[in-house]
Amino acid sequence: MNIEQQLDFLSARAVDFIARDDLKKKLEKAAAEGRGLRIKYGADPSAPDIHLGHVVGLNKLREFQDMGHTVVFIIGDFTGMIGDPSGRSQTRKPLTKEQVAINAKSYQEQVFKILDPEKTEVRFNSEWCGKMKFDDVIRLTAHVTVAQMLARDDFSKRYAANQPISIVEFLYPLVQAYDSVMVEADLELGGTDQLFNLLLGRELQKVMGQPPQCVMTLPLIEGLDGVQKMSKSLNNYVGVAEPAREMYGKLMSVPDDLMWKYFEYILCWPKDEVQAMHAKVASGELHPRAAKDMLAQAVVKRFIGEAEAQSASEEFTRIFAQKALPDEIPEVVLPAEEIGLLVLMVQAGLVKTNGEARRLVTQGAVKINDEKISDPRMQVVPEDGMVIRSGKRGFAKVKLG
RNA sequence: GGUGGAGUAGCGAAGCGGUCAAACGCAGCAGACUGUAAAUCUGCCCUCUUAGAGUUCGAUGGUUCGAAUCCAUCCUCCACCA
């Protein structure tokens with residue numbers, strides 16, 4: 001690939017790409033010196049599960065690695081320990097050192113499902129932030145003005161709406177920018193919501209006498225509800241470490257309109273292929289369910305394995321299309337004594353409260369051995385192998401003991 | 001430092017002495033319809049041994065036959081002015 005082709009390849013799927021010319025020069029220089037560029041990516045250690053939303057960016061990082069560059073994966077443990085009050089999660093709790101360490105570990109395990117560990121440098125920002133004295137912080141803050149900060153979209157909106165903005169929130173982008181200086185990033189990658197922070201890194205590097213990093217943003221994809229950004233706190237995410245069936249099932253529940261994005265950004269299908277398939281579905285040539293099955297299987301295959309993907313798909317059809325039972329049902333161990341149905345359901349872990357169990361029974365969502373139950377006051381005598389089904393996806397099998 | 005305002009179920013938001021476990025919307029769950037898509041309709045949605053009972057409306061204490069609603073103190077938050 002020549003330089004222009006490289007640039008095209010590397011900027012595919014990007015929303016913002018700041019300073020293409022800079023990157024071109026950097027690439028030329030790096031090539032001449034026989035080394036790769038340093039691509040920075042920051043991760044928040046408060047949510048230890050990597051989900052498909054992260055994969056959008058990770059895919060890109062992997063492409064950089066495949067082109068010989070190094071990914072500097074920064075775990076924001078320092079910032080995590082302070083607790084970020086930004087956005088709507090105003091009461092985000094500060095993490096302890098232990099939690100951060102645990103989260104960071106699971107982060108790394110999951111991240112290497114996508115990234116090449118050989119070409120990844122994992123850094124914790126406490127490494128330098130922890131050492132800073134208060135006067136270092138003051139010197140750092142002197143580089144940026146309030147007006148600059150208010151340029152950030154969500155700050156200006158919140159300010160205009162009379163919503164609180166904490167000073168710490170001003171510090172966050174600054175810390176992130178400082179990270180860029182410390183690792184001498186050539187390019188920083190992030191979601192579109194990160195644009196301001198990434199650009200601030202560029203500014204700060206300039207002020208501090210470094211060649212400024214290029215900036216690339218990738219879209220934030222919507223989660224399972226099809227509306228909100230995929231995130232753990234909204235519980236609309238698909239984690240890369242989830243069991244195959246779970247992963248498959250979640251993907252099948254994605255709204256149709258969204259699946260094209262998933263094909264493009266998670267599976268990195270070329271745009272024209274995605275469009276071609278979209279057209280087939282639109283014309284009725286391909287059933288949307290079949291397209292989604294393809295998507296779900298491909299994702300499971302990528303993160304878990306081909307065999308698992310296939311069996312997840314088969315089982316899914318069995319359970320939901322043919323309304324059969326899954327081949328593995330969680331067991332509840334019970335004594336052979338009469339027990340109230342509601343209590344049984346709680347014990348089996350099918351529901352959290354009696355009331356919820358009652359609701360399900362009254363609404364005809366509960367079956368014992370394939371027989372619909374409608375009396376919430378029913379007493380059950382547990383039998384070995386008895387199967388309780390609650391709703392579409394709740395199953396429990398009784399084991400006497 | 002001063003002035004004004006707010007704290008109600010997962011979120012948003014009514015209620016401002018009894019008919020309040022608390023309107024309504026969102027989210028969630030289930031049923032019907034389906035492709036575990038969307039849309040739609042119906043029901044549920046604090047807990048429990050549910051024709052009933054028990055705990056709730058920032059906290060504590062009070063007034064009252066009776067308080068989410070009134071009073072006092074406290075805590076938390078916000079805006080404006082300085």
Side-chain angles (χ1 to χ4, degrees), chain A residues 85 87-93 158-169 222-238 242 244-263 277-278 280-282 284-297 300 312-326 337-347 349-367 372-380 388-395:
Chain A
R88 45 191 83 140
S89 56
Q90 279 150 340
T91 47
R92 187 186 281 186
K93 284 180 215 88
R158 281 159 65 196
Y159 189 68
N162 285 341
Q163 279 170 354
I165 301 167
S166 148
I167 298 289
V168 191
E169 293 184 66
E222 289 83 6
L224 301 177
D225 54 78
V227 180
Q228 304 266 43
K229 302 302 168 217
M230 186 178 283
S231 83
K232 198 178 180 190
S233 52
L234 292 170
N235 197 27
N236 63 354
Y237 72 103
V238 183
E242 294 196 58
R245 285 165 195 182
E246 194 71 10
M247 195 182 273
Y248 181 91
K250 280 186 175 184
L251 285 162
M252 288 304 280
S253 77
V254 160
D256 287 359
D257 293 341
L258 192 56
M259 67 176 151
W260 317 115
K261 265 194 189 170
Y262 282 25
F263 272 115
M277 184 149 74
H278 194 160
K280 268 193 194 175
V281 168
E285 192 180 329
L286 180 66
H287 195 288
R289 190 189 184 283
K292 213 182 286 175
D293 171 66
M294 209 184 288
L295 170 76
Q297 279 206 52
V300 175
S313 172
E314 282 161 10
E315 169 141 326
F316 183 87
T317 312
R318 207 176 326 135
I319 296 173
F320 295 108
Q322 297 161 18
K323 309 232 192 257
L325 296 171
E337 290 163 15
E338 197 177 70
I339 184 172
L341 174 59
L342 304 184
V343 177
L344 170 61
M345 287 174 67
V346 174
Q347 281 190 17
L350 292 169
V351 288
K352 286 198 196 69
T353 64
N354 245 322
E356 198 181 338
R358 176 183 308 280
R359 196 188 89 219
L360 290 167
V361 175
T362 332
Q363 301 191 138
V366 176
K367 284 181 184 171
K372 190 179 270 186
I373 307 295
S374 52
D375 177 15
R377 276 187 276 190
M378 177 176 176
Q379 294 290 311
V380 181
I388 302 146
R389 178 164 192 169
S390 129
K392 279 176 264 185
R393 32 193 147 164
F395 298 94

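Order of the sequence lines fixes the chain letters, A, B, ..., with proteins taken first and strands second; residue numbering starts at 1 for each chain.
In this structure, CE of A:M345 is placed 12 Å from P of B:C48, rounded to the nearest angstrom. Rounded to whole Å, atom P of B:C46 lies 14 Å from atom NZ of A:K352. At whole-Å resolution of the value, CG in A:N236 and C1' in B:C26 are 15 Å apart. B:C48 atom P lies 9 Å from atom CZ of A:R358, rounded to whole Å. In this structure, A:K250 atom NZ and B:A37 atom P are separated by 16 Å, rounded to whole Å.
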Output, in order, the C-alpha distance, side-chain angles, deciding distance and verdict of side chain to side chain contact (heavy atoms under 4.5 Å, CB included) for A:Y237 and A:N235. CA-CA 6 Å; A:Y237 72 103; A:N235 197 27; 3.8 Å; yes
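Taking the nucleotide of RNA chain B with the nearest heavy atom to each of A:N354 and A:S253, the more 5' of the two is matched to A:S253.
Nucleotide B:C24 forms a pair with B:G12, judged by Watson-Crick or G-U wobble geometry with both contacts under 3.5 Å. Using N1 to N3 plus N6-O4 or O6-N4 for Watson-Crick, or N1-O2 and O6-N3 for G-U wobble, each under 3.5 Å, B:C29 pairs with B:G43. Across every strand in view, B:G4 sits in a pair with B:C78 that passes the Watson-Crick or G-U test at under 3.5 angstrom. Under the Watson-Crick and G-U wobble criteria, each requiring two contacts below 3.5 Å, nucleotide B:U64 is left unpaired.
Annotation: the span from A:I373 atom CD1 to A:T362 atom OG1 amounts to 12.5 Å, rounded to 0.5 Å. Atom CZ in A:R377 sits 8.0 Å away from atom CZ in A:R358 (nearest 0.5 Å). Between the CG atom of A:L350 and the CG atom of A:L344 there is a distance of 7.5 Å, given to the nearest 0.5 Å. Note: A:Q379 CD to A:E337 CD = 12.0 Å, rounded to the nearest 0.5 Å. The CE atom of A:M230 sits 9.0 Å away from the CG atom of A:D225 when rounded to the nearest 0.5 Å.
Annotation: B:C65 and B:U56 have their C1' atoms spaced 22 Å apart (nearest Å). Only the P atoms considered, B:G25 is 12 Å distant from B:C41, to the nearest whole Å. Comparing the P positions of B:C44 and B:C26 gives an interatomic distance of 15 Å, to the nearest angstrom. Of the P atoms belonging to B:A82 and B:C70, the separation is 33 Å, rounded to the nearest Å. Comparing B:G62 with B:A67, their P atoms sit 13 Å apart, to the nearest whole Å. Distance noted for atom P between B:G28 and B:A39: 10 Å (whole Å). Nucleotides B:A51 and B:A68, compared at atom C1', are 28 Å apart to the nearest Å. On the C1' atoms, B:U73 is 15 Å away from B:U63, given to the nearest whole Å.
At least one side-chain heavy atom of A:D256 sits under 4.5 Å from a side-chain heavy atom of A:K292.
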Across nucleotides 27-35 of chain B, 5' to 3', mark each nucleotide with B, S or - according to how protein heavy atoms within less than 4.0 Å reach it. -BBBS---B
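A 6.0 Å sphere centred on NZ of A:K280 holds no more than 12 heavy atoms belonging to other residues, nucleotides or ligands.
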